Amino acid sequence: MALIVQKYGGTSVGSTDRIKNVARRVAKWKNAGHDVVVVVSAMSGETNRLIDLAQAIQSIPDPRELDVVCSTGEQVTIGLLCMALIELGCPAKSYTGAQIRVLTDDAHTKARILDIDKDRIQDDLNSGKVIVVAGFQGVDAEGNITTLGRGGSDTSGVAIAAVLGAKECQIYTDVDGVYTTDPRVVPNARRLKTVTFEEMLEMASLGSKVLQIRSVEFAGKYRVRLRVLSSLTDPDLSIDEESQSGTLITFEDDGTMEAALVSGIAFNRDEAKVTMRGVPDTPGIAFKILDPIAKANIEVDVIVQNVGTDKKTDFSFTVHRNDLNKTLDILKPVQADIGAQDLVGDDKICKLGLVGVGMRSHVGVASKMFAALANEGVNIQMVSTSEIKITAVIDEKYMELAVRALHQAFELE
Ligand code: ADP
Ligand code: ASP
Ligand code: MG
């Protein structure tokens, strides 16, 4: 008997029938003697619908009010799931993020969790109830409702598992684990039985949305045992079988096996490239460009600077697509101030990357990657590398071609 946190994503609670199936699965774990805390997302499509409603009223919605609107999707699913559990004779109680005081900072629409009041959950668990918590949402110190960024229910789940000291945080989703790449793009992608925490972090940072990056960071910081598994299997599957299924995120690369050179390929179309051309090549320029962006709470990713022969450089970096216009607005006065020739944004890019702890001990991964892309006529616009990751920015129209070519070149099938 142990405490388990289970998180169910949008597809898993996408209809009342699916919610009833989730209830059967949860009741199975509870009846086997476990304490269970469940974290749920909104029904699939619901958060998008709520954002569309907000944008129909205000093209750039007020962030505080957007959070008030967007957080309602999860409030529906917690209530429905509790009803389904009660119907099965399994006592259950729902809580919104504010009710269990998932305390966050005040960065509306991308708030960070600071603390969670575990006493209330613990009291209910002691009285034998299943606790169902709304993911994706919290409350700031002033009592304002906040949300944690798209895909944030993963982070709610892992954070709750961390404060409660759960034995495992199980992320139930619409695929049966973490694959070598998105199985919807490469049908012969292979499920990984285990993936190291470091690799998962890099894959999430490259935009493989199976886990939100902050959830992986939390799992690393608090050593939460994390497993990704399917909610679409038979809900009455035996506990033994289910607890071995999916993909386990491991902390140790135990060194007993030769690590694969490349474990996975991740990619996303969520970013845009910003380039300032003809920037005077003097100390402090990168700071002048990036500091106002950081102050506006905009995350910057791949950064590339090319120094020309005429003491001028081209300075490029990527930001989230939603932040592109804001970034350009912020940089217009900076461009004038530093006397740069040109400022351009490109939102037709894709970022993709190879990830693998095996890269540490091998050379030539980058050249093999570039050769595979060149063979397909794919031009690389930006590159960055870390110990276990190589990232490239390419034209988005080549995304699927490039991912398939790399999957084949590194024999990931
Ligand atoms: P949920 O609603 O359960 O949170 P998401 O849609 O956020 O689910 O994440 C699951 C999706 O992640 C899958 O349907 C799959 O298309 C996508 N995905 C991207 N990369 C991977 C990968 N490497 N392995 C598995 N799924 C991936
Ligand atoms: N419902 C939120 C979203 O769609 C949070 C989540 O699903 O994790 O982004
Ligand atoms: Mg998700």
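Since we're looking at a predicted model, the values are computed, not measured. Scope of the values below: all heavy atoms of this structure, side chains included, with no hydrogens, waters or symmetry mates.
Proximity of Leu164 to Gln122: side-chain heavy atoms (C-beta onward) are separated by under 4.5 Å at one or more points. Leu229 places none of its side-chain heavy atoms less than 4.5 Å from the side chain of Ile171. At least one side-chain heavy atom of Leu290 sits less than 4.5 Å from a side-chain heavy atom of Ile303.
Under the 6.0 Å distance and 45° angle rule, Lys368 counts as a cation-pi partner of Phe410. Under the 6.0 Å distance and 45° angle rule, Arg223 counts as a cation-pi partner of Phe251.
A search for ring pair (Phe, Tyr, Trp, His ring centres under 6.0 Å) contacts involving Phe370 returns nothing, not counting sequence neighbours.
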Test log, rule salt bridge (charged side-chain N to carboxylate O under 4.0 Å, His left out), inputs Arg49 and Glu46:
CA-CA 5 Å; Arg49 188 185 75 85; Glu46 180 62 7; 3.1 Å; yes
Step by step, work out the side chain to side chain donor-acceptor pair (under 3.5 Å) result for Lys7 and Gln170.
CA-CA 6 Å; Lys7 178 260 166 175; Gln170 301 168 333; over 6 Å; no
Please determine whether side chain to side chain contact (heavy atoms under 4.5 Å, CB included) holds for the pair Leu232 and Arg18, giving the CA-CA distance in whole Å, both sets of side-chain angles, and the decisive distance to 0.1 Å.
CA-CA 8 Å; Leu232 306 179; Arg18 291 232 165 117; 3.8 Å; yes
Distance-only donor-acceptor hits, side chain of residues 291-298, under 3.5 Å, sequence neighbours excluded:
unit_1 : atom_1 : unit_2 : atom_2 : d
Asp291 : OD2    : Lys295 : NZ     : 2.7

Less than 3.5 Å apart, which donor and acceptor atoms pair up between the side chains of residues 73-92 and the rest of the protein, not counting sequence neighbours?
unit_1 : atom_1 : unit_2 : atom_2 : d
Glu74  : OE2    : Ala42  : N      : 2.9
Thr77  : OG1    : Ser41  : O      : 2.8
Thr77  : OG1    : Glu74  : O      : 3.1

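When Glu271, Glu299, Glu396 are each tested for a salt bridge (Lys or Arg N to Asp or Glu O under 4.0 Å) with Arg321, only one passes: Glu396.
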